[in-house]
Amino acid sequence: MNAQEILSKLTLEEKVMFCSGKNFWELEALEKMGIPSIMLTDGPHGLRKQQGSSDHLGINQSVPATCFPTASLLAATWNPSLIYDMGVAMGKECLKENVSVLLGPGVNIKRSPLGGRNFEYFSEDPYLSAEMATAMISGVQSQGVGTSLKHFAVNNQEYRRMITDAIVDERTLREIYLPSFEKPVKVANPKTIMSAYNRLNGTYCSEHPWLLDQVLRKEWGYQGVVVTDWGANNDRVEGLKAGQDLEMPGATKETNQRILKAVQEGTLSLEVLDQSVLRVLKLIEDTAPTSHLRDGMAEKVTAHVDAQAHHQLAKTIASEGIVLLKNDEDMLPLSSHDTIAVIGKMAKMPRYQGSGSSYMNPTQLDTFFDKLSERIHIHYEAGYGDDGEVIDAAIIDKACDIAAKVDKVIVLIGLTEAYESEGFDRAHLSLPKAHDELVKCLVAINPNIIVILSNGAPVMMPWLHSVPAVIEGYLNGQAGAGALVDILYGDINPSGHLAETFPLNTEASKFFPGGKTQVLYQEGLYVGYRYYDRFNRDVLFPFGHGLSYTSFEISKLEASAASELMILQFEAKNTGKYAGKTTVQVYVKDEQASVHRPEKELKGFIKVDLAPNQSGVYSINLDPRAFSYYDVAQKDWVLENGSFILYVGLSSQDLRGCLRVYIEDGKLISTEVTCDKNTKAAADSAQTPHVDNTDPWTLLSFEFETALHTAGMVIRAEKESITPKEYTLNTPIADMKKSLITVLLMTIIKLSTNAMMKKQNNAGMKKMIESVIGEIHLRNLAMMSNGAIKLKTAEALLLCLKGQCLKGIKHFFKG
Ligand code: BGC
């Protein structure tokens, strides 16, 4: 029987049963129909299948699985085929563990470097994010395992993530925040898409008809399952109407009762319910490991997992995504004669993965200390204590003593778990104080310093001018240490390029993370390098930056018409003495736009691999979308006639060549080599009034307000406090006036999380639990307490808190 036939035989109650999970990670089964239960679990940089009790915060231990580097590093490889291989490996590990859907990848745009979950997202650029996600999904799904593209959409911060209302104009959505979902949906067809916790322009993403039905289903043709983020369901019936098929975890079944009632009362059509149930059944059909449904087979689908080969793959990926940020006077690679001191606790206790729902249990873990010790004798000192904010002079002195005795000093510093995690955003871009202080002291003793950073997102480097070599190691997974050592000695020539800007300050994050209930995306399109380009701001390291031990030359740019639009060709040559890879990036600038457009935008890239003196000719396809902007009035992408510049470079600021192309009626008419790769022409359109460039926010606010005004949207004023009458199920309990009920609730929550906290020695997890508690609301309690607090109880409590206790009691006892 196929899914359609099964559907036709299900009772209404059975259909409704499939609208939510059986427990934290599994879907319902119906044995009499041969429908097995399938498991969906995290993701996204390795499998996190929990062994004991379940939670969505990554607290309880999971089965061992290969811990790959996190998305910041994956994107820095600029190598989709490696990410595809990683997907295949993760798919195999899922098959082995009977997991049907891996919850990832996450493709939210890094709107601000302060985003707590940036380590788990690919880039500030939608084009690069989309390429990476498409590769990962295709890899995992090639094994018959599903993925969940998350978090749809505009889930760019942790602060108030359960309720915040992201106010974004449509052009910005279409050009910045949606494309990282659009291409993966159209090309790789993820089996599921996870709707985000937050609201978008007033409506929860889990019940957003425009987002889920209009854009995702109607425009992009998505046929798979939309699953809520864990606990993201707001109004289940409205969700179904909008195209939200599956609620997770949903074990209480209370919301199913509401679906049943809505169908019986005629407020929800059976057709809508059937569509969602059919999609869920098809998902089970496609991904169940043991299934009568899958290809008509009853036997178990098995996979052979070669843990050692996956460890090696994790190392290869790390070695392509680690970024050499600075290498003055060829400090690197090291010579085998150099005497070395290694300073930094992270050499022995690596920070190699993220925190929160992606936190996993690696099959093995290499440390930098061990890997380097396999090669040479090293002198080691911790350099700092566990609390990064405490500067301990005695520990630093010990480090300085050994630094004085060696040729070169390798210092491992970075963000500890307490500084970045799911659940909270970063307050600043600084490294732990003790880490910065250590570097400053060491430089005074021995200037031959090599800093290796472990962090999932940009940091500031106040010591940069006096440190000759810096490596961005990112969170490089269980095998990353070996890759770092190979890079240090030149066995691997570094080829990672940043997929995000490292700024000098947080100027561009002025409206991040917004107020208590809403966040205005005032910068519009000008996220990441688009902001720094437009306002001519210096940065620490630009988007796309990454050094190599060799050098490359780019020449002979040519564009020719092609069926899609055009093909850009160029020659790349390795002009140095080491074999090496680099990423050649193509940026497009619209010279004659009738609307404001970014100075230039990434529209293509290719990773090239060349021996010394070798050259190669490469081509990149540029389709109409590469030149178009989204016109909200026409509800379509528009490719204007006129001239565009194609820049080819090794970073967004290291442009090696350019070509001017003329496009008319969607066709390439002519090309011209006389363009200036260094000239910054005024990109602001005739529609933008002249505003002094020194104040970006006057200009950006004007553009934002104009866009909202044209769409008929009004910005609601953020209230400092609310009255009990205004409370809803979504009001954080901590925001409510102190009362017997709120104090009792908070005490119960704290008591029940105390055990979790005590068990926890991961500082990031601890901080995450604290922040989750601080933002918890009544709906959350009902969705995530595994039945301990019923939705009806939460509603009754709400009525009481609003001063209508009698009504609340009646509601509680209502059948
Ligand atoms: C996270 C998701 C994750 C889910 C299940 C949520 O809190 O936002 O990314 O997949 O939990 O663990």
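Residue numbers count from 1 along this sequence. Each ligand, and each atom within it, is numbered from 1 in the order the structure gives.
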### Message
Please list, in number order, the atoms of ligand 1 under 4.0 Å from a heavy atom of Leu103.
### Response
10 (O)

### Message
Please evaluate residues Arg217 and Asp245 with respect to the criterion salt bridge (Lys or Arg N to Asp or Glu O under 4.0 Å), reporting the C-alpha separation (whole Å), side-chain torsions for both, the decisive distance (0.1 Å), and the verdict.
### Response
CA-CA 12 Å; Arg217 302 237 189 248; Asp245 306 305; 2.8 Å; yes

### Task
Can you establish whether the number of heavy atoms outside Lys766 located under 6.0 Å from its atom NZ is more than 12?
yes

### Query
Is there a nitrogen or oxygen of Tyr197 sitting under 3.5 Å from a nitrogen or oxygen of ligand 1?
yes

### Query
At a 4.0 Å threshold, what atoms of ligand 1 neighbour a non-hydrogen atom of Trp230?
5 (C), 11 (O)

### Query
Taking only heavy atoms of Glu422, which atoms of ligand 1 are found under 4.0 Å from at least one of them?
1 (C), 6 (C), 7 (O), 8 (O)

### Query
How about Gln223: does its CD atom have over 12 heavy atoms from other parts shown lying under 6.0 Å from it?
no

### Contact check: Glu120 vs ligand 1, nitrogen or oxygen atoms, below 3.5 angstrom
no

#### Entry: Subset of ligand 1 atoms that lie under 4.0 Å from at least one heavy atom of Trp25
5 (C), 12 (O)

### Message
Does Lys186 have more than 12 heavy atoms from other residues, nucleotides or ligands lying within 6.0 Å of its NZ?
### Response
yes

### Task
List the steps and the verdict of side chain to side chain contact (heavy atoms under 4.5 Å, CB included) for Met746 and Ile773.
CA-CA 8 Å; Met746 287 313 271; Ile773 295 173; 3.9 Å; yes

### Query
Just heavy atoms, cut-off under 4.0 Å: does Phe24 contact ligand 1 by side chain, backbone, both, or neither?
neither

### Task
Assess the pair Tyr197 and Tyr204: is the distance between their ring centroids shorter than 6.0 Å?
no

## Note on the structure
Note: ligand 1 atoms sitting under 4.0 Å from heavy atoms of Arg48 are 12 (O)

### Message
Considering both backbone and side-chain atoms of Lys150, is one of its nitrogen or oxygen atoms within less than 3.5 Å of a nitrogen or oxygen in ligand 1?
### Response
yes

